[in-house]
*Asks:* 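Take this structure, written in structure tokens, and hold onto it; I'll ask about it next.
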Protein chains: 2
Amino acid sequence: MKSARNTTAKTEIQELIASSSVALSHSEIQKSLEGLCDRVTIYRVLERLLEEGFIHKIVNVDGVVKYAGCHSCSAKHSHNHIHFSCQKCKSVTCLDDVEPSFKLPKNYKVSEMNFTLSGLCPQCS
Amino acid sequence: MKSARNTTAKTEIQELIASSSVALSHSEIQKSLEGLCDRVTIYRVLERLLEEGFIHKIVNVDGVVKYAGCHSCSAKHSHNHIHFSCQKCKSVTCLDDVEPSFKLPKNYKVSEMNFTLSGLCPQCS
DNA sequence: TATTTAATGCAACAATGTTGCAAAAGTAAT
DNA sequence: ATTACTTTTGCAACATTGTTGCATTAAATA
């Protein structure tokens, strides 16, 4: 049986994401950690945090992958909320309360969703 | 004044995308063209087709960028429809008729949207 | 403290996308 | 058809992002 271990890198990254109001990219995390660990380690830690359900992954409209903590989905772990990407301050935030509705044609089976809007956030508009 | 020119590469790529029922990635286009032109040229042609409004860009849930022709938006050119990404056959299609609705908090100004669902398409489910 | 094995660092690699510049090829005028 | 002008292309080189193998390091348990 393989059991997870608490390492410095994992703890730091987890805290960084948890305390951030915006979603963070791999490179942003790397800058924040200031050489605490290797680039590869960050990828592997993020992978583990995803598996363990502490964070979720967001693909921005420009293709950049960002990571955000799981707030609203502690129990059920569903991510059908909208993300907002600000074109001015470049921040990506989870709008946890905004869940879009739509009517899908028959025979489509949905297992994952990625909704991202871009424009100006309240701070920038 | 700079005016666009009709080149072999542009014509081929435009036709390829227009005649495809699914969105195509850069690498898929490259394979189809079989060395007709350079990798870089494809990037630049796609850039021009985007500017000219013949195609639109879709960022898939896995971060892969795909391009699809503009069908429904010939006049108004809006892309608020949903995209569906099949996990089995890997196809990405535009569900032109499916437009999601949602209530955004005040002071957000939306200029672009990217909605992608993934799961199983009718052919694969 | 010793043992076990998860986690890390390093090097090397692959995929994707960008940029500068000289050469090639459209387009329009002669 | 030829010329002149400028867009477009190909090539090389580079940047970024993400992955993999393997030896080493360091948690967690006994």
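Because only heavy atoms are used, hydrogens play no part in the values below, and waters and symmetry mates are left out as well, while side chains stay in. Lettering follows sequence order; numbering is per chain, from 1.
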*Asks:* Start at the 5' end of DNA chain C and walk down; is the nucleotide closest to B/Val64 or to B/Thr8 reached first?
*Replies:* B/Val64
*Asks:* Are B/Phe115 and B/His81 side-chain neighbours, meaning at least one heavy-atom pair lies under 4.5 Å?
*Replies:* no
*Asks:* Are OP1 or OP2 of C/dA7 and a side-chain N or O of A/Thr7 less than 4.0 angstrom apart?
*Replies:* no
*Asks:* Would you give the length of the straight line joining atom CG of A/Asp97 to atom CG of B/Leu104, rounded to the nearest 0.5 angstrom?
*Replies:*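 Those atoms lie 11.5 Å apart.
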*Asks:* When you measure only distances, ignoring hydrogens and angles, does the side chain of A/Arg44 come within 3.5 Å of the base of D/dG18 through a donor and an acceptor?
*Replies:*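 For A/Arg44, whose side chain was compared with the base of D/dG18, there is no donor-acceptor pair (under 3.5 Å).
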*Asks:* Round to the nearest Å and state the distance from A/Asp38 atom CG to D/dT25 atom C1'.
*Replies:*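 One finds 14 Å between C1' of D/dT25 and CG of A/Asp38, rounded.
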*Asks:* Taking only side-chain N and O atoms of B/Arg48, does any of them lie within less than 4.0 angstrom of OP1 or OP2 on D/dT8?
*Replies:*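 Affirmative; the distance criterion is met.
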*Asks:* Give A/Ile42 one of three labels, base, sugar-phosphate or nothing, depending on what nucleic acid heavy atoms sit under 4.0 Å from its own.
*Replies:*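 Nothing: the residue A/Ile42, judged by heavy atoms under 4.0 Å, touches no strand.
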*Asks:* Return the nearest nucleotide to the side chain of A/Arg39; candidates are D/dT17, C/dA25, C/dT8.
*Replies:*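 It is D/dT17.
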*Asks:* For B/Glu52 and D/dT8, what is the distance between atoms CD and P respectively, to the nearest whole Å?
*Replies:*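 Between P of D/dT8 and CD of B/Glu52: 8 Å.
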*Asks:* Can you see which heavy atom on B/Ala68 is nearest to which on B/Ala23, and at what distance?
*Replies:* CB-CB, 4.0 Å
*Asks:* Output the rounded distance in Å from CG (B/Asp62) to C1' (C/dT16).
*Replies:* 13 Å
*Asks:* Find the distance A/Ile13:CD1 to C/dT8:P and express it as a whole number of Å.
*Replies:*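 Computing the A/Ile13:CD1 to C/dT8:P distance gives 8 Å.
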*Asks:* Between atom NZ in B/Lys10 and atom P in D/dT9, what is the gap in whole Å?
*Replies:*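 Atom NZ in B/Lys10 sits about 9 Å away from atom P in D/dT9.
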*Asks:* So B/Val65, base contact, sugar-phosphate only, or nothing? Heavy-atom distance under 4.0 Å.
*Replies:*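 B/Val65: backbone/sugar contact only, no base atoms under 4.0 Å.
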*Asks:* For the side chain of B/Tyr43, starting at C-beta, report the closest nucleotide among D/dC11, C/dT18, D/dA28.
*Replies:* C/dT18
*Asks:* Of the listed nucleotides (C/dT18, C/dT8, C/dG17), which one gets closest to any side-chain atom of B/Val40?
*Replies:* C/dT18
*Asks:* Run the numbers on A/Ser91 and A/Thr93 for side-chain hydrogen bond (donor to acceptor under 3.5 Å, both in side chains), then give the verdict.
*Replies:* CA-CA 6 Å; A/Ser91 69; A/Thr93 49; 5.3 Å; no
*Asks:* NZ of B/Lys10: more than 12 outside heavy atoms within 6.0 angstrom?
*Replies:*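 Check passes, neighbour count above 12.
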*Asks:* Return the value, rounded to whole Å, for the distance between atom CG of A/Asn6 and atom P of D/dT25.
*Replies:*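 Rounding to the nearest Å, CG of A/Asn6 and P of D/dT25 are 22 Å apart.
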*Asks:* Of B/Glu47 and B/Arg5, whose nearest nucleotide on DNA chain C comes first from the 5' end?
*Replies:* B/Glu47
*Asks:* Students often get this wrong, so: under 4.0 angstrom with heavy atoms, is B/Leu36 touching a base, only sugar-phosphate, or nothing?
*Replies:*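 Sugar-phosphate: the residue B/Leu36, judged by heavy atoms under 4.0 Å, touches backbone atoms but no base.
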